[in-house]
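Just so we're clear, the structure is a prediction, and the values are computed from it rather than from any experiment.
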Amino acid sequence: MTIFLYLRSQNDNTKVMEILIRNKVIEAIKILYGQDVDEKQVQVQTTRKEFTGDKTLVVFPFLRLSKKSPGQTAEDIGTYLVNSIGVISGFNIVNGFLNLVIDNSYWMAQLGNAANDEKYGFRTSTDDSELVMIEYSSPNTNKPLHLGHIRNNLLGYSISEIMKANGNKVVNTNIVNDRGIHICKSMLAWKKLGNDETPESTGKKGDHLVGEYYVKFDQLYKTEIAELVAQGMSEDEAKDKAPIINEAREMLRQWEANDPETRDLWKRMNNWVYTGFAETYKTLGVDFDKIYYESNTYTIGRDEVLRGVKEGIFEQMDDNSVWADLGKDGLDRKILLRSDGTSVYMTQDIGTAKIRYADFPINHMVYVVGNEQIYHFQVLSLLLDKLGYKWGKDLYHFSYGMVELPQGRMKSREGTVVDADDLVADMIDVARKVSEELGKLDGYSDQEKEKIYHTVALGALKYFILKVDPKKTMLFNPEESIDFNGNTGPFIQYTYARIQSVLRKATDAGIVITQQVPAIVMNDKESALIKILSNFPDVVKEAGLNHSPALVANFVYELAKEFNQFYHDITIMNEPDEQVRIFRLLLAKTIGQTIKNGFSLLGIEVPERM
RNA sequence: GGCCCCAUAGUUAAAUGGAUAGAAUGGAGGAUUCCGGUUCCUUUGAUCUGGGUUCGAAUCCCGGUGGGGUCACCA
């Protein structure tokens, strides 16, 4: 049959059927009505499940070409398609929608494709694949990671995996905000109040210890402001004149001047933080190919800004501060260097961008950063463009919404944050409790059990966050801990574990599951499963185009849910016909593999038992 | 105030301009001699508002309302 030859000739087999149908529809309209039709007018989509059929053609756009009723037009085209495409075995018409029925032989072949490909749905990169650099995480070294960072890290990692699955070469990068006035604040507070406390002496995780001093700085600062205001100073003036903030500013100048004592303290405290971060990253299962530090890139940014001044792109004021006037671009004036010559965030990002493009042949740069920085990236893109970098305009800011608590926004300075480490620890406790009640892990060692609790806890957390549209602000209520039932990670992990359990039983019974699909007559449940399964390559592609982990999450859930219905209604191991039994085992195995592949795009592991 | 984003069942959330707006959770009721009861089935309940474009609008355009962000010599 032509369709199968066509399939084999295409490495990229997404939407093959839709494309074939579309081409035949164009042909049909030419032959039947003598008219040319625009490709975009031919809409072929998957039939909604309440109707009979597999693919649906919308015939409304053709009515003015056919000059016939919707029903008659659909009848004409349907007949033509049945005669010209072998695997279309029939059609029905409902309200101007032409539903095409595709023969089971086609779906059998689809299962064969999937079953014989461990990386079904994924494309591999080649020498001429595009290089995508993805920046995510981007922590400050003055406080530990919190729930907001978790959303960032999970999105960044997942987008990276999705881009890889679409055949791109990917470099995961992290820019560490390791310098600046905010870092000096925690250093200063430690110097004043720290009594030489260290992670070792206190038993605290390094990033947590440093974070405590950042909070202490803010408390001191607020006290001083209140005192000055009490003496009759205005709030704004007090904020500027408070002794401790001026000490912090002086410390930043000392740091930029390479003062040895300041630099030593800085290195020491940053190293505490890095040790802490490494632990959190490991727990979350995220990693980076290349880490940049702003302490290394800000000078490059400063040089770029000064070049801009020389070339008349930016202006230097009498007090030495440097500004970009973006009035003509519809934006405001933006400071690039302070009057004391020190750098700001924007300066650093200019330097970081420049060095990245020097280090890698980047085709596509993605910044995974919260939506409160939309303006920042708009400006960054413009500034780089003005500085003469042709890629400046191409930066893609993947912005995502805040994570809010029931009482509102998290504020690290006020200590109202959900700490990343605490949250994960809580999730693991819940997973342990649920698992112990079920007792499926009896006989496992404590170490094996802990590994599974970790997998399930992280699965719950990651799925909970990634299934939500990244654009949307999400509410997280720590009181109602994340569900393990319904549309959740553990539900899908459970489905996977269940499949593995059946496969183990089959192996124990000496059944060999061949890669060859047995030629049996499928029932409706079986073909329904294959139809969902065969969408996977397309979902991977769409997820890549839209940078959307949520599409993958929805797909995997749909697949798992359909499998559970199948599993509930139809026996696998008790099926008397051996060929049918093997077919079902192969189907189950392939679905398990696809769940695993889909979840890998979300950074979620699947357990063999749970 | 300028600019940007968001608005769908009580709650969390789907839907390249297409059919009767699809799920989960919660509530109510039920099934399963089962290969893992974290399963399955039934029921309840939603597109903020007013115009416009279209054969067709949750979706696109304009005006409201509500919420959030941003416009720092913070990052």
Side-chain angles (χ1 to χ4, degrees), chain A residues 43 45 47-51 56 58 60-61 63-64 70 94-97 99 138 140 142 177 179-183 185 240 249 294 317 319-323 330-346 348-349 370-376 378-379 399 401-402 404 408-409 434-435 437-438 440 456 464 467-469 471-475 477 480 483-488 490-495 497-506 509 542 545-546 550-551 554 557-558 561 563-575 581 584-585 588 609-610:
Chain A
Q43 300 169 49
Q45 50 204 246
T47 303
R48 298 179 61 140
K49 64 180 172 193
E50 57 267 37
F51 299 97
T56 293
V58 185
F60 292 109
L63 301 184
R64 65 177 74 116
V94 182
N95 300 330
F97 292 85
N99 300 318
S138 310
N140 295 327
N142 61 345
N177 298 87
R179 63 160 294 281
I181 189 80
H182 56 302
I183 309 298
K185 289 177 182 175
D240 186 53
R249 286 175 184 145
E294 285 192 349
M317 311 305 285
D319 66 358
N320 274 332
S321 59
V322 176
W323 297 76
L331 304 175
D332 299 303
R333 274 159 54 86
K334 178 75 198 172
I335 190 158
L336 300 176
L337 287 176
R338 296 190 186 99
S339 51
D340 65 4
T342 57
S343 298
V344 295
Y345 180 42
M346 187 61 76
Q348 297 162 175
D349 258 3
N371 63 9
E372 77 275 20
Q373 293 194 34
I374 288 174
Y375 183 73
H376 172 81
Q378 223 179 324
V379 173
S399 75
M402 304 278 94
E404 283 186 2
R409 242 185 121 163
V434 173
S435 177
E437 280 168 16
L438 267 121
K440 290 284 177 193
V456 173
F464 180 82
K467 76 171 178 183
V468 179
D469 181 345
K471 280 201 302 288
K472 293 185 180 171
T473 302
M474 65 182 287
L475 182 79
N477 188 346
E480 309 165 8
D483 268 333
F484 283 59
N485 293 324
N487 186 0
T488 66
F491 166 79
I492 295 166
Q493 288 174 322
Y494 172 77
T495 307
R498 207 179 203 190
I499 290 171
Q500 302 318 305
S501 168
V502 178
L503 295 177
R504 277 193 299 271
K505 282 231 159 55
E542 288 294 317
L545 290 172
N546 299 320
L551 289 178
N554 289 337
Y557 173 65
E558 198 58 39
K561 202 168 69 137
F563 179 80
N564 277 317
Q565 284 178 30
F566 166 82
Y567 184 89
H568 187 261
D569 296 348
I570 290 170
T571 181
I572 298 174
M573 287 304 286
N574 295 335
E575 165 60 40
R581 196 165 61 222
R584 288 178 187 161
L585 284 165
R609 295 170 211 255
M610 61 187 276

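Judged as a salt bridge (charged side-chain N to carboxylate O under 4.0 Å, His left out), and not counting sequence neighbours, the contacts of K471(A) are D469(A). Taking R504(A) as the reference, nothing meets the salt bridge (charged side-chain N to carboxylate O under 4.0 Å, His left out) condition, with sequence neighbours excluded. Applying the ring-ring contact (aromatic ring centres under 6.0 Å, His included) test to Y494(A) and every residue at least two apart in sequence or in another chain returns nothing. Every side-chain contact (heavy atoms from CB on, under 4.5 Å) that S138(A) has, sequence neighbours left out, goes to E135(A), N174(A), I175(A), N177(A). Under the rule for a side-chain hydrogen bond (donor to acceptor under 3.5 Å, both in side chains), the partners of S321(A) that lie at least two apart in sequence or sit in another chain are D319(A), W323(A). For Y345(A), the ring-ring contact (aromatic ring centres under 6.0 Å, His included) criterion is met by H376(A), not counting sequence neighbours. Residues meeting the side-chain hydrogen bond (donor to acceptor under 3.5 Å, both in side chains) test with R333(A), sequence neighbours left out: E315(A).
In this structure, CG of L545(A) is placed 14 Å from P of U16(B), rounded to the nearest angstrom. A straight line from NZ of K49(A) to P of U20(B) spans 17 Å, rounded to a whole angstrom. The nearest whole Å value for the distance from the NE2 atom in H182(A) to the C1' atom in C73(B) is 15 Å.
Of the candidates A13(B), G36(B), C73(B), the closest approach to any side-chain atom of R609(A) belongs to G36(B). In this structure, the nucleotide among A72(B), A19(B), U16(B) sitting nearest to the side chain of I335(A) is A72(B).
Nearest-nucleotide positions on RNA chain B place Y557(A) closer to the 5' end than the other of Q348(A) and Y557(A). With the nearest nucleotide of RNA chain B identified for both D319(A) and M573(A), M573(A) has the one nearer the 5' end.
Taking a pair as Watson-Crick or G-U wobble with both distances under 3.5 Å, the runs of three or more consecutive pairs in RNA chain B are B:1-7 with B:65-71, B:10-12 with B:23-25, B:26-31 with B:39-44, B:48-52 with B:60-64.
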Show each protein N/O and nucleotides 38-46 of chain B N/O combination with a separation under 3.5 Å, one pair to a line.
from   : atom 1 : to      : atom 2 : distance (Å)
U38(B) : O4'    : N485(A) : OD1    : 3.3
U38(B) : O2     : F484(A) : O      : 3.2
C40(B) : O2'    : H568(A) : ND1    : 3.3
C41(B) : OP1    : Q565(A) : NE2    : 3.1

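Side-chain atoms of R179(A) never come within 3.5 Å of backbone atoms of E294(A) as a donor-acceptor pair (strictly under, hydrogens ignored).
Residue K505(A) places no side-chain N or O under 4.0 Å from the OP1 or OP2 atom of C34(B).
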